[in-house]
Amino acid sequence: MDISVIVLAAGKGKRMKSDIPKVLHPILGRPMLSYVLDAVFEISPKRIVVVVGYGAEKIKETLSSIDVKYALQSKHLGTGDAVRCAKEAFRDYHGNIVILNGDFPLIRSETLKGFIESHKKGNIEISLLTAFHESPEGYGRIIRNGNGDVLRIVEEKDATSKEKKIKEINSGAYCVESGFLWEALGKLDSKNKQGEYYLPDIVGIATKSGRKVGGYIVPDSEEVLGVNNREELAMVEECLRTRTNERLMLSGVTIVNPEVTYISPGVSIGADTVIYPNTFIYGGTKVGRGCKIGPSVWIEDSKVGDEVTIAFSSYITKAIIEDKARIGPFAHLRQESQILSGAKIGNFVEIKKSKVGRGSKVPHLSYVGDTNIGERVNIGAGAITCNYDGFDKHRTIIEDDVFIGSDTMLVAPIRVGKGATTGAGSTITKDVPPGALAIERTKQLVITGWKRKPREKKGNK
Ligand code: UD1
Ligand code: CA
């Protein structure tokens, strides 16, 4: 039987005390919802429908690269109502539907697979994913009868003090046969403490009509931690961080202090790379083998080759760094920076939309923007490209073996030919032919024996 998925993401997340929709709160640099969707894609569903409401446009925009369908819940009437809003998208669909909360980012795809398998084997119409929590506060509790069969779910707010003692909780994940789902949703009412249409009530509806309900217990209860406030957000972040760091360490990466190293799950890092503390590696970054990174480095959506050093306090986004390059300390590589093998980018250097050729050096205090630097070029301390005239950006071309003197201003558009040199302190506004020296300076005046005229000092009276 086919599997499709509905993800509930229409709530504001009041307990977050935020203007940002809850499911967009970032965890290790990615929105919470994207983790749930990652797990969902792994089970290859026929259809994925995300129910959105609060901040719907923002959610769609943020996840625009992810191929899912959306359904709109215009009023916050509860989780049962939210699923009902997705019905239209399943008009021609008959099969199982897995329903998931958008706020439990630790869920693993293997768990979902096991859950679906057990549902299919049971030949039943509805199954629940449950877990045992030492502190079950805030979650719906699973009520079972004397034989251990699931009877219904009671929400914390509606539970008696005896029911509140139950430690088996509802994870917010269900697998339901579509025919029964739409039928049961039609029978929901909002007679409860919150005045909402509760999705969990479909369990009671199932058992009342004599149906058996499957309960699949997740052994690792951490996986179904729901995020309702910022404290839980931090807890979930810590779990994801630990998971990712452990995986990397077991694959041969040294993480000097994993507690203060923040790597998102989508990052890959080669063996024998050492990551020093306080380093953040986010997005789809790929790091090669034998690199030294950190301390206090930020790398996002970048590609780093083998044996690269990225030293203290460097900030790198959307850049490509080839093998054996040396970056930092205090370097800033921005979008479309390409640092080819063996090149060196030193302290207080910013690079944007530029290519730095093999073995070239930009060692100190430079800005290089919209520039192509060839091979074996040396850029002296303090030299910069003046790429912006207040209206447009212009390119600078620096060919192989060029020597740019310290504090040179290269006013773009400009080309410095192969092997040319510029004198320190020059403002270069015209192309420099290959092999030439370009120098732009007033002659130094030296007045010998010059003394400052004595002046009356302005002392305090
Ligand atoms: C829900 C369950 C609870 C379960 C817990 C697991 C209900 C009534 N309760 O509680 O049994 O233990 O999840 O974490 O379902 N949403 C909508 N539209 C709405 C309301 C909510 O789309 O009208 C979405 C939210 O965006 C969220 C998810 O549904 O992603 C769950 O809502 P939330 O308010 O967090 O439910 P809980 O109180 O955590
Ligand atoms: Ca929740």
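Both counts, for ligands and for their atoms, begin at 1 and track the order of listing. Sequential numbering from 1 along the given sequence is applied to the chain's residues.
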| message | Evaluate Y139 for polar contact with ligand 1, using N/O atom pairs at a separation under 3.5 Å. | response | no
| message | Quick check: do S18 and H25 have side-chain heavy atoms less than 4.5 Å from each other? | response | yes
| remark: If we number the atoms of ligand 1 from 1 as shown, the ones under 4.0 Å from a heavy atom of P200 are 7 (C), 8 (C), 9 (N), 11 (O), 15 (O)
| Is L8 close to ligand 1, meaning an N/O of one under 3.5 Å from an N/O of the other? | yes
| field | Set of residues satisfying salt bridge (Lys or Arg N to Asp or Glu O under 4.0 Å) with respect to E259, sequence neighbours excluded | value | none
| note | Paired with R141, the side-chain hydrogen bond (donor to acceptor under 3.5 Å, both in side chains) test is passed by just one of E168, E155, E156, H133, namely E156
| said: Within ligand 1, which atoms have a heavy atom of E155 less than 4.0 Å away? | reply: 2 (C), 3 (C), 7 (C), 8 (C), 9 (N), 11 (O)
| request: Within a distance under 4.0 Å of any heavy atom of Q73, pick out the atoms of ligand 1 and give their elements. | output: 17 (C), 18 (N), 19 (C), 22 (O), 23 (O)
| Does Y54 have K12 sitting over its ring (NZ/CZ under 6.0 Å from centre, angle to axis within 45°)? | yes
| said: Closer than 4.0 Å to some heavy atom of A82 - which atoms of ligand 1 meet that? | reply: 17 (C), 18 (N), 22 (O)
| Does Y35 have R30 sitting over its ring (NZ/CZ under 6.0 Å from centre, angle to axis within 45°)? | yes
| field | Residue and atom names of protein N/O/S atoms that fall under 3.0 Å from the Ca ion (ligand 2) | value | D103 OD2, N228 OD1
| said: Give me each pair satisfying side-chain hydrogen bond (donor to acceptor under 3.5 Å, both in side chains) with a member in residues 309-329, each pair once, sequence neighbours excluded. | reply: E322-S341
| request: Distance to 0.1 Å, residue and atom name: give those for the protein heavy atom nearest to atom 15 (O) of ligand 1. | output: T79 OG1, 2.7 Å
| field | Aromatic ring pairing Y262/F280, orientation class (parallel under 30°, perpendicular over 60°, tilted between) | value | parallel
| Against heavy atoms of G140, which atoms of ligand 1 measure under 4.0 Å? | 3 (C), 4 (C), 11 (O), 12 (O)
| field | Backbone or side-chain N or O of Y198 under 3.5 Å from ligand 1 N or O | value | no
| query | Among protein heavy atoms, which lies nearest atom 20 (C) of ligand 1, and at what distance? | reply | H76 CE1, 3.4 Å
| Any non-hydrogen atom of K75 lying under 4.0 Å from ligand 1? | no
| query | Ion pair present between R152 and E163, side-chain N to carboxylate O less than 4.0 angstrom? | reply | yes
| note | So the atoms of ligand 1 within less than 4.0 Å of a heavy atom of S171 turn out to be 6 (C), 14 (O)
| Distance-only N or O hit between ligand 1 and N228, under 3.5 Å | yes
| said: Check D103 with K22, please: is the shortest side-chain N to carboxylate O separation under 4.0 Å? | reply: yes
| request: Using the test salt bridge (Lys or Arg N to Asp or Glu O under 4.0 Å), find all partners of E223 that sit at least two apart in sequence or belong to another chain. | output: R108
| task | Report yes or no: does T371 contribute a side-chain atom to a donor-acceptor pair with the main-chain N or O of V368 at less than 3.5 Å? | result | no
| Counting distance only, does the side-chain N/O of S354 pair as donor-acceptor with the main-chain N or O of I351 below 3.5 Å? | no
| K167 with E134: basic N within carboxylate O range, under 4.0 Å | yes
| message | How far is atom 4 (C) of ligand 1 from the closest protein heavy atom, and which atom is that? | response | N170 O, 3.2 Å
| task | Could you tell me whether K113 and E117 make a salt bridge, using a distance below 4.0 angstrom between a side-chain N and a carboxylate O? | result | no
| Quick one: does ligand 1 sit under 4.0 Å from the side chain of E196, the backbone, both or neither, non-hydrogen atoms only? | neither
| Nitrogen or oxygen of A10 less than 3.5 angstrom from that of ligand 1 | yes
| message | Does the Lys NZ or Arg CZ of R47 fall within the cation-pi geometry relative to Y93 - under 6.0 Å from the ring centre and within 45° of the axis? | response | no
| query | Can you tell me if Y198 and D158 form a side-chain donor-acceptor pair at under 3.5 Å? | reply | yes
| request: Write out the residue and atom name of the closest protein heavy atom to atom 23 (O) of ligand 1, then the distance separating them to 0.1 Å. | output: G78 N, 2.8 Å
| task | For ligand 1, find out whether one of its N or O atoms is nearer than 3.5 Å to an N or O atom of G172. | result | no
| said: Give the atom numbers and elements of ligand 1 that come within less than 4.0 Å of a heavy atom of D103. | reply: 30 (O), 35 (O)
| G11 heavy atoms, cut-off 4.0 Å: which ligand 1 atoms fall inside? | 16 (N), 17 (C), 22 (O), 25 (C), 26 (O)
| task | Could you check atom 28 (C) of ligand 1 against the protein and tell me its nearest heavy-atom contact, residue, atom and distance included? | result | N101 OD1, 3.5 Å
| Can you check whether N96 reaches D2 side chain to side chain, under 4.5 Å on heavy atoms? | no
| Which heavy atom of the protein is the closest neighbour of atom 34 (O) of ligand 1, given with residue, atom name and distance? | R15 NH2, 3.6 Å
